[in-house]
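Just below is one structure, and these are the notes that go with it.
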Amino acid sequence: MQKTVALIQMDIAYGRPEANRKKVEEKVAQAMEQQPDLIMLPELWDTGYDLTRLDEIADDHGQTNKAFLRDLARKHQVAIIGGSVSNREETGTYNTLYAFDPAGKQTGEYKKVHLFRLMEEEKYLKAGDQEGVFPWGDLLCAAAICYDIRFPEWIRKMVLRGAHVLFVPAEWPGPRLSHWRHLLISRAIENQCYVVACNRTGKDPNNTFAGHSMVVDPWGEVIAEAGEDEEILFADLDLSLVQKVRSTIPVFTDRRPELYE
Ligand SMILES: O=C(O)CCC(=O)C(=O)O
């Protein structure tokens with residue numbers, strides 16, 4: 001099975017959800033010129049890291065962003081991994097990914113589990129505690145958000161549910177670009193799955209972001225990689241490769257969970 005994905009690597013207007021929605025609308029229309037099967041956005045594409053103003057600008061129960069993403073999916077008949085958005089609920093504000101199918105039906109939701117202290121996320125956001133495993137047509141996928149990729153045990157747990165593709169929206173800063181690349185390649189090799197990772201680019205008052213959105217195949221080859229600037233990155237996934245790699249080196253058969261779980 002072949003699928004084409006489009007990753008929208010974009011700069012984000014700091015704390016301006018309306019401006020960002022307008023930009024996403026334009027970028028999605030542009031991406032659709034190449035008719036991908038799925039479009040993906042970066043982490044917190046609505047507000048950026050304007051965390052101190054989340055009380056004002058976070059989306060109440062993700063309602064506005066969910067309706068926006070649903071309408072985009074329906075209009076363009078394309079699956080959407082809605083990066084993540086700030087989502088205010090009774091228990092706190094979460095960094096939440098929503099996934100939609102081409103009919104506009106919500107297929108997935110994942111709240112970032114590991115909050116990143118270096119950017120003071122734990123002061124302003126609440127951590128999720130649920131796995132992010134959801135369908136994409138006949139396939140199962142998993143989601144991890146940015147810092148989550150430093151926790152291989154969490155990702156393995158989700159891949160063991162049967163995921164063949166791991167989606168990673170991020171706002172990964174430039175100074176640790178080399179960690180970003182190595183961690184994504186490692187997650188792909190050890191889990192023998194596709195890793196589709198969409199980072200933002202540009203700057204906010206505190207950070208410069210790395211770009212370098214990447215698609216890594218289950219053998220660990222980087223099949224597409226963006227530069228530092230805004231770009232729509234396309235990649236063709238050959239999903240039969242997951243099973244081929246898993247049969248060649250049967251890591252999932254050879255695991256000894258009785259020794260380490
Ligand atoms: O782990 C890192 O170095 C970056 C993580 C990050 O920026 C985030 O989770 O937002």
Side-chain angles (χ1 to χ4, degrees), residues 10 12-25 39-74 79-101 103-136 140-151 153-155 157-158 161 163 166-172 198 200 204-207:
M10 56 182 260
I12 293 169
Y14 192 63
R16 294 172 55 211
E18 262 321 314
N20 290 318
R21 275 190 285 273
K22 189 162 182 297
K23 182 163 180 173
V24 164
E25 208 172 339
I39 291 184
M40 181 178 181
L41 302 172
E43 182 186 15
L44 289 181
W45 61 263
D46 60 335
T47 56
Y49 262 88
D50 194 356
L51 299 181
T52 58
R53 289 179 59 237
L54 281 184
D55 280 352
E56 264 171 77
I57 58 177
D59 192 12
D60 187 22
H61 289 84
Q63 282 173 37
T64 305
N65 287 318
K66 275 197 274 187
F68 171 76
L69 295 168
R70 180 200 61 212
D71 291 350
L72 269 184
R74 235 186 239 159
I80 295 192
I81 303 293
S84 72
V85 293
S86 50
N87 151 39
R88 189 174 43 244
E89 300 186 1
E90 285 74 21
T91 45
T93 301
Y94 297 86
N95 185 337
T96 306
L97 172 149
Y98 300 113
F100 289 85
D101 74 9
K105 178 169 164 270
Q106 191 182 333
T107 49
E109 173 167 337
Y110 172 71
K111 295 181 165 110
K112 187 175 186 176
V113 159
H114 302 94
L115 298 180
F116 191 50
R117 288 174 203 280
L118 211 56
M119 276 149 81
E120 299 195 320
E121 282 193 328
E122 84 293 355
K123 285 196 187 156
Y124 303 101
L125 292 168
K126 187 110 200 270
D129 57 8
Q130 301 295 313
E131 292 173 9
V133 178
F134 55 90
W136 173 22
L140 266 192
C141 303
I145 301 180
C146 206
Y147 186 45
D148 280 333
I149 61 169
R150 290 188 186 268
F151 300 86
E153 59 276 44
W154 177 237
I155 291 170
K157 194 173 174 204
M158 295 193 281
R161 304 270 181 240
L166 174 70
F167 290 106
V168 184
E171 292 216 19
W172 197 278
C198 182
R200 70 163 285 186
D204 73 9
N206 305 305
N207 291 286

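For the residue pair T107 and D101, no side-chain donor N or O sits within less than 3.5 Å of a side-chain acceptor on the partner. Judged purely by distance below 3.5 Å, without hydrogens or angles, the side chains of Y110 and D148 pair a donor atom with an acceptor atom.
Listed here is the closest heavy atom pair of F100 and A73: CB-CB, 4.0 Å. Residue P169 comes nearest to P42 through the heavy atom pair CB-C, 3.8 Å, listed as atom of the first residue, atom of the second, then distance. Listed here is the closest heavy atom pair of F167 and F134: CD1-CZ, 4.1 Å. Shortest non-hydrogen contact noted between T93 and S86 is CG2-CB, 4.3 Å. In plain terms, the two heavy atoms of Q130 and W154 that are nearest each other are O-CZ2, 3.6 Å. Counting all heavy atoms, side chain and backbone alike, A170 lies closest to C146 at CB-SG, 3.7 Å.
Remark: D129 CG to Y94 OH distance equals 7.5 Å, nearest 0.5 Å. In this structure, the separation between CD1 on I81 and SG on C198 is 11.0 Å, given to the nearest 0.5 Å.
At least one side-chain heavy atom of E121 sits less than 4.5 Å from a side-chain heavy atom of N95. Side chains of K23 and M10 form a contact here, defined as non-hydrogen atoms less than 4.5 Å apart. Y98 has its side chain out of reach of R70: every pair of non-hydrogen atoms, C-beta onward, lies at least 4.5 Å apart. You'll find the side chain of L72 reaches within 4.5 Å of the side chain of V24, heavy atoms only. Contact check for K123 versus R117: no side-chain heavy atoms found under the 4.5 Å cut-off. In this structure the side chain of L41 reaches within 4.5 angstrom of the side chain of L69, judged on heavy atoms. No side-chain heavy atom of D46 sits under 4.5 Å from any side-chain heavy atom of F68. Proximity of D59 to N87: side-chain heavy atoms (C-beta onward) are nowhere separated by under 4.5 Å.
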Working for side-chain contact (heavy atoms from CB on, under 4.5 Å), residues M119 and N207:
CA-CA 9 Å; M119 276 149 81; N207 291 286; 3.9 Å; yes
From CA spacing to verdict: side-chain contact (heavy atoms from CB on, under 4.5 Å), E120, Y49:
CA-CA 10 Å; E120 299 195 320; Y49 262 88; over 6 Å; no
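In summary, R21 and E18 engage in a salt bridge, as defined by a charged side-chain N under 4.0 Å from a carboxylate O. Salt-bridge annotation for K126 and E89: absent, with no side-chain N of the basic residue lying under 4.0 Å from a carboxylate O of the acidic one.
Formation of a donor-acceptor pair under 3.5 Å by the N20 side chain with backbone atoms of I12 is not found in this model. In this structure, the side chain of T96 does not engage the main chain of K111 through any donor-acceptor pair within 3.5 Å. Proximity of a side-chain donor or acceptor of E171 to a complementary backbone N or O of R200 within less than 3.5 Å is not detected. Not a single donor-acceptor pair under 3.5 Å links the side chain of N65 to the backbone N or O of V85. Using a distance-only test at 3.5 Å, with no hydrogens or angles considered, a donor-acceptor pair links the side chain of Q106 to the main chain of G108. Between the R88 side chain and the L54 main chain, a donor and an acceptor come within less than 3.5 Å of each other.
Other residues, nucleotides and ligands contribute only 12 or fewer heavy atoms inside 6.0 Å of the CZ atom of R16.
Note: H114 and F151 have parallel aromatic rings, judged against thresholds of 30 and 60 degrees for the angle between ring planes.
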